There are 2 protein chains.
Amino acid sequence: MNGMNEMSTKLKARADRMTSKRDAKKRQIAQSAIDALKHLGYANTTLRDIAAHSDLSLGMLHYYFEDRGTLIIYCVGIYKEAFVHDFRTALNDASGPEQVIEAFTQALVASIIDDDMTHRLWYDIRNQAFFDATFRPVVDEIETALIDIVSLALTKAGHAVPPNVAYHYALLDGAFRYAMQHQMGDTPKTRGELEDVFRRVLTQFL
Amino acid sequence: MNGMNEMSTKLKARADRMTSKRDAKKRQIAQSAIDALKHLGYANTTLRDIAAHSDLSLGMLHYYFEDRGTLIIYCVGIYKEAFVHDFRTALNDASGPEQVIEAFTQALVASIIDDDMTHRLWYDIRNQAFFDATFRPVVDEIETALIDIVSLALTKAGHAVPPNVAYHYALLDGAFRYAMQHQMGDTPKTRGELEDVFRRVLTQFL
DNA sequence: ATAAAAACTGGACGGCTGTACAATTTTTTA
DNA sequence: TAAAAAATTGTACAGCCGTCCAGTTTTTAT
């Protein structure tokens, strides 16, 4: 009655435990890799940089990831989860145009000030996708999620989602990227100035 | 009365002729390099790629340009001249909001359709400047010129140039970049659809 | 025409990169 | 506890890259 079945479930449990443990390790490695990538950028970060930055041996990276591209794509996926989650929770309690604009603005400004290096990496990877097609799926996935956030904001503000919502995202992204670029320069804006910028942009369609 | 003077002016004329000839060659090389960079991107274009693409020997590149970075920065400068010139002439005959919006829209759409590869390179270099400080001066110079174009459009439309004109540029750039990205994908928009997008954006502040 | 200067060539060199793998250590299983 | 599996290390390798340079050809000046 058992035997084979007991064995197979046991093996399955073992395999699951293995893969979950392996996934945890992959996540940990990816987090270290992101730290390195944030500082050096896609083009300038070698596997040795990542290994050194995370006290890992070089061979480890190839043991957990097929090749460099696979590792970086995995990293971008990890980045997405965190970023999208932050904005969804920020918008969660808002209702009506005023509250949504305020919550969205606060989330954008906080993200620019705290995570500028991370966004720099995102823009770097998004650009790489122009030239390296293997990055395109994950970049598209993230950009779809970002457009969904804009749709969510529109909905929470009480508006219908227009067909050109993607261009609302595009405009907002242009302002965000520009603000971030200058925030990393030698004349960063104050929190209040940044708030004004995004409130004005968001007011145009929220 | 002459002698020394005659000699020095002659030498000067010769030196000028030399440098102008040298500059012409540098431009020619840069144009070939841009062709290669447009297709492969900053990170994936080697000096050998450029040499092969332009029937030049490898040593030539180092003979005319100190190093790889100098060559690429020179290329970006060449790109700027052409792009900015195109838009200034496009806006030159326009007067009043309607004409300016129409001329600007037509220039943007034509540029997206014809020069998408070139813009891809521009966005690539602008991103590199995030991580490689040597690119920052030329990128800043170009972005200033682009903001000036927006200011010119505002002026031609009869408006005063607002202090936040840079953010008008940023919004427009966001839309432009997004449109370009999808234009290179598998579902490019028609010319009319693109015109609608930019007319709508430009109408917001022109 | 000849000597000097500039333009150009092709290859060599050292360094770095991603990848692969044999050897060792740690963990798990029976 | 002994054997098997997984995890981890360090190194070796093959290839590519930017840079440099000795030598050759072409252009310029007198």
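Sequence lines set the chain letters: A, B, ... in the order given, protein chains first and strands last, and positions in each chain run from 1. Treat the numbers as computed from the prediction; the structure is a model and nothing was measured.
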By side-chain hydrogen bond (donor to acceptor under 3.5 Å, both in side chains) - contacts of B:S111 (at least two apart)
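Checked B:S111 against side-chain hydrogen bond (donor to acceptor under 3.5 Å, both in side chains); matches are B:H119.
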Tell me which nucleotide among [options] gets nearest to the side chain of [X].
X	options	value
B:S57	D:dT11, C:dC8, D:dC17	C:dC8
B:Y64	C:dC8, D:dT8, C:dT17	C:dC8
A:R48	D:dT8, C:dC8, C:dT19	C:dT19
B:M60	D:dT8, D:dT19, C:dC8	C:dC8
B:K21	D:dG18, D:dT27, D:dA12	D:dT27

Is there a side-chain contact between B:F198 and B:L172 (heavy atoms, below 4.5 Å)?
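Contact flag for B:F198/B:L172 side chains = yes.
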Looking at A:H62, I'd like to know whether one of its side-chain N or O atoms comes within less than 4.0 Å of OP1 or OP2 on C:dT19.
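No, A:H62 has no side-chain N/O under 4.0 Å of OP1/OP2 on C:dT19.
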Within the structure, does a side-chain N or O atom of B:R22 lie under 4.0 Å from either OP1 or OP2 of C:dA7?
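For C:dA7, OP1/OP2 do have a side-chain N/O of B:R22 under 4.0 Å.
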Let me know the distance between [atom1] of [X] and [atom2] of [N], rounded to the nearest Å.
X	N	atom1	atom2	result
A:F65	D:dT8	CZ	P	13 Å
A:L61	C:dA20	CG	C1'	14 Å
B:E66	D:dT19	CD	P	9 Å
A:Y63	C:dA22	OH	P	15 Å
B:Q28	C:dA7	CD	P	13 Å
A:K25	D:dA7	NZ	P	10 Å
B:D55	C:dC8	CG	C1'	14 Å
B:L47	C:dG10	CG	C1'	15 Å

Could you check whether the rings of A:F87 and A:F83 sit parallel, tilted or perpendicular, using 30° and 60° as the cut-offs?
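Tilted: the ring planes of A:F87 and A:F83 meet at 30° to 60°.
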Do B:R68 and B:Y42 form a cation-pi contact, if we require the NZ or CZ to be under 6.0 Å from the six-membered ring centre and within 45 degrees of the ring's axis?
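So B:R68 does make the cation-pi contact.
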What do the steps show when you test A:T46 against A:D49 for side-chain hydrogen bond (donor to acceptor under 3.5 Å, both in side chains), and what is the final call?
CA-CA 5 Å; A:T46 71; A:D49 289 326; 3.2 Å; yes
